[in-house]
Amino acid sequence: MDFIITLVNGLSMGGTYAMIALGYTMVYGIAKMLNFAHGDIIMIGGYAILVGLSVNPLLAVLFSMLFCMLLGVLIERVAYRPLRGSSPLAVLITAIGVSYLLQSIILAIPQFGADTHYVVIIKDLGSLQIGEVLIGYDTIITLAITIVVMVSLTLFIKFTKTGRAMIAVSEDRDAARLMGINVNFIITLTFAIGSVLAAVAGFCSLLDTPWLEPYYGSLPGIKAFAAAVIGGIGSIPGAMLGGILLGIVECLCNSVQEIAPYTIAIEFIILILILLVKPTGILGKKRREKV
Amino acid sequence: MALLEVKDLEVNYGLIKAIKGVSFDVNEGEIVALIGANGAGKTTIMHAINGIIPKFAGSVTLADKDITAIHAHKLLPLGMAQVPEGRRIFQELTVYENLQMGYYIGRDKAQFKARLEEMYSRFPILKERSSQIAGTLSGGEQQMLAMSRALMSGPKLLLLDEPSMGLSPLYVNTIFDMIKEVNKMGTTVLLVEQNAKKALSIANRAYVLEIGKIVKTGTGTELLADEDIRRAYLGG
Ligand SMILES: Nc1ncnc2c1ncn2[C@@H]1O[C@H](COP(=O)(O)OP(=O)(O)O)[C@@H](O)[C@H]1O
Ligand SMILES: [Mg+2]
């Protein structure tokens, strides 16, 4: 029974990682850059929820999604777009700068500062009992959201014209332009989607870990990035798989007292092992060239 | 009337002057060939026309509209499509999805279906392979797909960059037959080729490019008979 509970918790935590990893992987695949500040969007989303909670929890979450979407689009427009075509290193350093900027903005706001805020979005969430298995509603909500997000994103990419245009841009930007695809618009859209997903992940994460502070997004961000790499960076199913895998490993490790202190180390050892066996990640592929 | 007019075009890569003042035009209904050896600057001219690389100087007009500074993605709606060098089909998409991308700017479902059928009847192999991932097609099939994709939007002007590159002679003939047919049905063609003999044989007019400059122009037949051209490009 314990094992099933651990597995369900792992799936749910993995779902949160997957939603963050999707943002990394989509931006990497389409805009060809590592958005180092992606994790901090989660944190900002948390503060947006905190602000919105004074009105109503549902509105708070919707406000956070909208706020993060606009923030993501703004960051791309102001910080990344002017650097398009310059060296990847310049872009990476800018992204790191944006990450610190976002943290510093929170630190600079007197109401927030460096304090830890206890964020209760839904009071007394409780648990669901199925036979002997007791599963928290936070876990169930996260799982349900993850499923909805993954299914709708997959359908969007596969079956809408805009979704396929995203694949086209990720594969060959110039060829996509020749099809009449506005690459700037597709990149903006990618940042918008990725940032909304980060806000949603932030919400799920707060249900589980309600202590919000300015570095709230750092560790989940790095782990989700690892998840994206494990799955194959640039691959959408890969990010989903990598996230779920990492979540399950994490919960399994945490459930064994002797191993629990080494969880993070084990996660990154798995990352290294997978990259040794398959450098492109589990579902990542090399570009084919054909004459 | 000139459909496409390129005037005094100059393109630099850093300090290297790749295109040093090139002017040419393509009239409605023509097939115009731009021939030249590897590295002469043919692809550079194509990319400068479609806005993928910046122009240092000069102007480009399409049907009397100045398109010198236009964004690449706005050219297809104006009726100019291009098959880039190396085909550049979307390898991860299916054949059908590639053709859909060719109709990205279109909105009319019936027109899409009609165009799709047109492409499928021209190249039945594409219909057979419609749900196959495009990256798994052979080189010749990929070229057919690339041409079909470019035609899905129903362009007035089609730019082709080395459509015969790397293809077996059989496919080369198929592709050139298609170019002639497309032209007969009303599409103007600017054809860039290293395969001068083939290109000149179907072109109304041609320009010869040598290290970033046009050195000769004439009708296809004239150039085929030209002594210098024979020696330099047609193997004696
Ligand atoms: N991205 C680039 N950077 C620097 N030089 C380039 C680049 N692309 C092409 N060139 C140079 O410009 C010249 C023309 O190249 P290109 O237009 O590709 O010729 P062609 O298509 O006729 O073979 C060549 O000397 C080539 O080396
Ligand atoms: Mg070339």
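Not measured: the values here are computed from a predicted model.
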Calculate, to the nearest 0.5 Å, the distance between atoms CG and CD belonging to A/D172 and B/Q91 respectively. 9.0 Å
For B/M101 and A/A165, the nearest pair of non-hydrogen atoms, with its separation, is CE-N, 3.6 Å
Side-chain heavy atoms of A/M179 within contact of B/F90, under 4.5 Å: yes
Give a yes or no on whether B/K113 atom NZ has more than 12 heavy-atom contacts from other residues, nucleotides or ligands under 6.0 Å away. no
How long is the straight-line distance from CG of B/N50 back to CZ of A/R177, given to the nearest 0.5 Å? 9.5 Å
How about A/Y80: does its OH atom have over 12 heavy atoms from other parts shown lying under 6.0 Å from it? yes
Quick check: are there more than 12 heavy atoms from other residues, nucleotides or ligands sitting under 6.0 Å from CZ of B/F56? no
Is it the case that atom CZ in A/R81 sees more than 12 heavy atoms from other parts of the structure closer than 6.0 Å? yes
Could you walk me through whether B/L93 and A/I167 pass side chain to side chain contact (heavy atoms under 4.5 Å, CB included), step by step? CA-CA 8 Å; B/L93 297 179; A/I167 302 184; 3.8 Å; yes
Other residues, nucleotides, ligands: >12 heavy atoms within 6.0 Å of B/F176 CZ: yes
Nearest atoms (heavy-atom pairs only) where A/E171 meets B/E92: OE1-N, 2.9 Å
Should we say atom NZ of A/K161 is surrounded by more than 12 heavy atoms from elsewhere, each under 6.0 Å from it? yes
Is there side-chain contact between A/L178 and B/L76, with at least one heavy-atom pair below 4.5 Å? no
B/E97 versus A/K158: any side-chain heavy-atom pair under 4.5 Å? yes
Chain A heavy atoms under 4.5 Å from B/I52: which part of the residue, side chain, backbone, both or neither? side chain
Measure the shortest side-chain to side-chain distance between B/H73 and A/N182 over non-hydrogen atoms and say whether it is less than 4.5 angstrom. yes
Measuring heavy-atom distances to chain A, does B/Q100 have an atom under 4.5 Å in its side chain, in its backbone, in both, or in neither? side chain
Check whether B/K74 reaches the backbone of A/G180 with its side chain - one donor and one acceptor, N or O, closer than 3.5 Å. no
